[in-house]
Amino acid sequence: MAKLCRIGLALGGGGAKGLTHLGVLAALERGKIPVDLVAGTSMGALVAAVYTLLPRCDFVVERFRSYLESKEFKKTNPEFLHIHNHHNHDETPTFEGIFQRFASFIKKGIFYSQSLTKRAPISEENFAQNINFLVDDVEIQQTQIPLAIVALDLKSAEEVVLRKGSLRKAVSASCAIPGVLPPVRIDDRELVDGGWIDRVPVRPVREMGADLVIAVDVAEVLDETEDFTTGLGIVFRTNDISRCALSQLQLKEADVVICPNISDVHWSDFGHLDTCIRRGEEATRTKLDEIRSLIKRKKIKKIFALPFRGPFFYS
C-alpha cells in the first residue's frame, strides 16, 4: 500500500541564511517527521543535495562545517575582491568571505567595471572546486530521498526543474548568482540561480507527489530603512519588491511555512553556522504540533478517499 501522506520539503535560497536549513532538518529529524521528497533553490539546493544523499543531520552539519573551514572556501576570492580585514589588536581576525567582500565592492563601483569585461568575477574552476567539496559526483537519481533542483534559464526565461543528470552540475546551476558566478550550461540551456524565479520551490515538490509541503523561507525581509536617495538604490529596492511579491504568492501553495528569525545574519556572512542552525531548530520546533496535526488530517482524508477492499485493508 502506498504511503498515506508523503511529506515534501521546499528549501529556499538566501545565501548564508540558507545554513538555517540545517537546523530545520535537525528539528524534523528529532521530531520524527519523515521527509519523503525535497526540492531546493540556490543555497537550499546545496543543502538539499548533501542531505538527500545521506539523510543524517549530524553528517550534513559536519560536512558544511568542514567546508566553511576549508581552503576551497577561502580561495574563492577573485583578485579585485582582495581586501584585508580591519580589526583591533584585541579582536580575533575573521575571514570576511567572498560575498561579503562582493557587497562592499558593489558600493565602490568596482563590480560594474569588472562586469563590462568579464562574464563573472569567480572562475568556473574555483566555483566547481567549492561545489565538489560538498557534493558527491553522482546522478540526481541516486539520492536516497527524491530530489528536485530549481534553476532559471537565461534564454527562455523559464524555471527549470532538474531531476536527473549530474548532481554537481544541477547544484552549480541553482547557485550561480547572476553577475557573480558563471552560468552553467546543461543541454542547450544557460542556467543561473533559481531564486530569481522561484525563491522557495513549493510547486516543484508538490508536483513530485507531496501530499503535505513544508516550505522554509530564509530570505531577506524588505527593509524600510534602505537608502532611496540614489537611482541605483531605487532600482535595487523595486527589484526586491517584485521578488518578494512573487515569493509570497508562491508560498501560499505550501501547507506549512517556516520562517526562522535570522534578520541579524547577513546573506553574505557565512561566519554564523551555529547561530543559523539554532534559529532553524527553534523555528521548526514551534511548528511540529501543526505539522503532526496536518499529517493526521491528510492521512484520514486519503483513507476515506480510497476504495473499500475488505476489513483488513487498512490494518
Side-chain angles (χ1 to χ4, degrees), residues 7-70 72-73 95 97 99 130-136 143-150 167-168 170-171 174-175 193-195 199-201 205 213-220 254 256-288 291:
I7 300 172
L9 191 61
L11 302 181
K17 292 174 180 284
L19 296 172
T20 311
H21 294 316
L22 300 172
V24 173
L25 290 166
L28 292 175
E29 186 177 278
R30 292 194 188 97
K32 301 191 184 305
I33 304 295
V35 176
D36 302 297
L37 307 158
V38 184
T41 289
S42 196
M43 190 64 180
L46 185 57
V47 173
V50 180
Y51 176 73
T52 56
L53 279 170
L54 183 58
R56 271 183 40 198
C57 288
D58 57 346
F59 166 80
V60 177
V61 168
E62 286 312 307
R63 195 155 188 174
F64 271 88
R65 193 181 303 280
S66 297
Y67 166 65
L68 294 174
E69 295 171 355
S70 71
E72 283 79 8
F73 177 75
F95 175 70
F99 295 111
N130 279 256
I131 295 296
N132 295 351
F133 188 100
L134 283 165
V135 181
D136 294 343
T143 57
Q144 292 190 38
I145 297 175
L147 172 66
I149 293 175
V150 176
L167 182 60
R168 284 178 172 176
V171 172
S174 189
C175 293
D193 191 332
R199 194 166 76 180
V200 185
V205 78
V213 175
I214 303 169
V216 187
D217 185 10
V218 298
E220 300 270 2
V256 178
V257 180
I258 299 173
C259 299
N261 179 16
I262 46 171
S263 58
D264 56 337
V265 176
H266 194 269
W267 69 270
S268 66
D269 187 353
F270 286 82
H272 302 280
L273 175 61
D274 292 322
T275 296
C276 287
I277 293 172
R278 185 174 66 255
R279 302 282 178 80
E281 289 178 329
E282 291 169 353
T284 305
R285 281 198 296 268
T286 66
K287 296 283 187 175
L288 289 179
I291 293 169

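Computed from a prediction, not measured in an experiment: that's the story for all the values here. Computed from heavy atoms alone, side chains included, the values below leave out hydrogens, waters and symmetry copies.
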Which of these passes side chain to side chain contact (heavy atoms under 4.5 Å, CB included) with Leu53: Leu134, Thr143, Ile145?
Thr143
Basic-acidic side-chain contact under 4.0 Å: Glu281, Arg278:
no
Please name all residues satisfying side-chain contact (heavy atoms from CB on, under 4.5 Å) with Ala16, sequence neighbours left out, ordered by chain then number.
Phe270
Which pair of heavy atoms, one from Ala49 and one from Val171, lies closest together, and at what distance?
CB-CG2, 3.6 Å
Can you list everything that forms a side-chain contact (heavy atoms from CB on, under 4.5 Å) with Asn261? Sequence neighbours excluded, please.
Ser263
Non-neighbouring partners of Arg285 that pass side chain to side chain donor-acceptor pair (under 3.5 Å), sequence neighbours left out:
none
Could you go through the side chain to side chain contact (heavy atoms under 4.5 Å, CB included) check for Asp274 and Arg65 one step at a time?
CA-CA 9 Å; Asp274 292 322; Arg65 193 181 303 280; 3.0 Å; yes
Side chain to side chain contact (heavy atoms under 4.5 Å, CB included) with Ile149: of Thr41, Leu167, Leu46, only one passes, and it is Leu167
The side-chain contact (heavy atoms from CB on, under 4.5 Å) partners of Ala48 (sequence neighbours excluded) come to Leu11, Val38, Leu147
Return the set of residues passing side-chain contact (heavy atoms from CB on, under 4.5 Å) with Ala283 (not counting sequence neighbours), or none when no residue passes.
Ile258, Pro260
Test salt bridge (charged side-chain N to carboxylate O under 4.0 Å, His left out) applied to Glu69 - qualifying residues, sequence neighbours left out:
none
Using residues 18-29 as the side-chain source, report each donor-acceptor pair under 3.5 Å to any protein atom, sequence neighbours left out, with the distance given to one decimal.
residue: Thr20; atom: OG1; partner: Lys17; partner atom: O; Å: 2.6
residue: His21; atom: NE2; partner: Gly12; partner atom: O; Å: 2.7
residue: Glu29; atom: OE1; partner: Cys57; partner atom: N; Å: 3.2

For Phe133, the ring pair (Phe, Tyr, Trp, His ring centres under 6.0 Å) test, sequence neighbours excluded, returns Tyr67
Does Glu62 offer a backbone N or O that forms a donor-acceptor pair with the side chain of Ser66 under 3.5 Å?
yes
Using the salt bridge (charged side-chain N to carboxylate O under 4.0 Å, His left out) criterion, which residues pair with Arg63? Sequence neighbours excluded.
Asp136
To the nearest 0.5 Å, tell me how far Ile214 CD1 sits from Ile291 CD1.
4.0 Å
Going by side chain to side chain donor-acceptor pair (under 3.5 Å), name the residues that satisfy it together with Ser42, two or more places apart in sequence or in a different chain.
Asp193
To check you understand the geometry: which heavy-atom pair defines the closest contact between Val213 and Ala10, and what is its length?
CG1-CB, 4.5 Å
Residues two or more places apart in sequence or in another chain: which of them pass salt bridge (charged side-chain N to carboxylate O under 4.0 Å, His left out) with Asp217?
Arg199
Exercise: identify the closest heavy-atom pair between Asp36 and Pro146
O-CD, 3.3 Å
According to salt bridge (charged side-chain N to carboxylate O under 4.0 Å, His left out), does anything in residues 48-60 pair up with another residue at least two apart or in another chain? List the pairs.
Arg56-Asp58
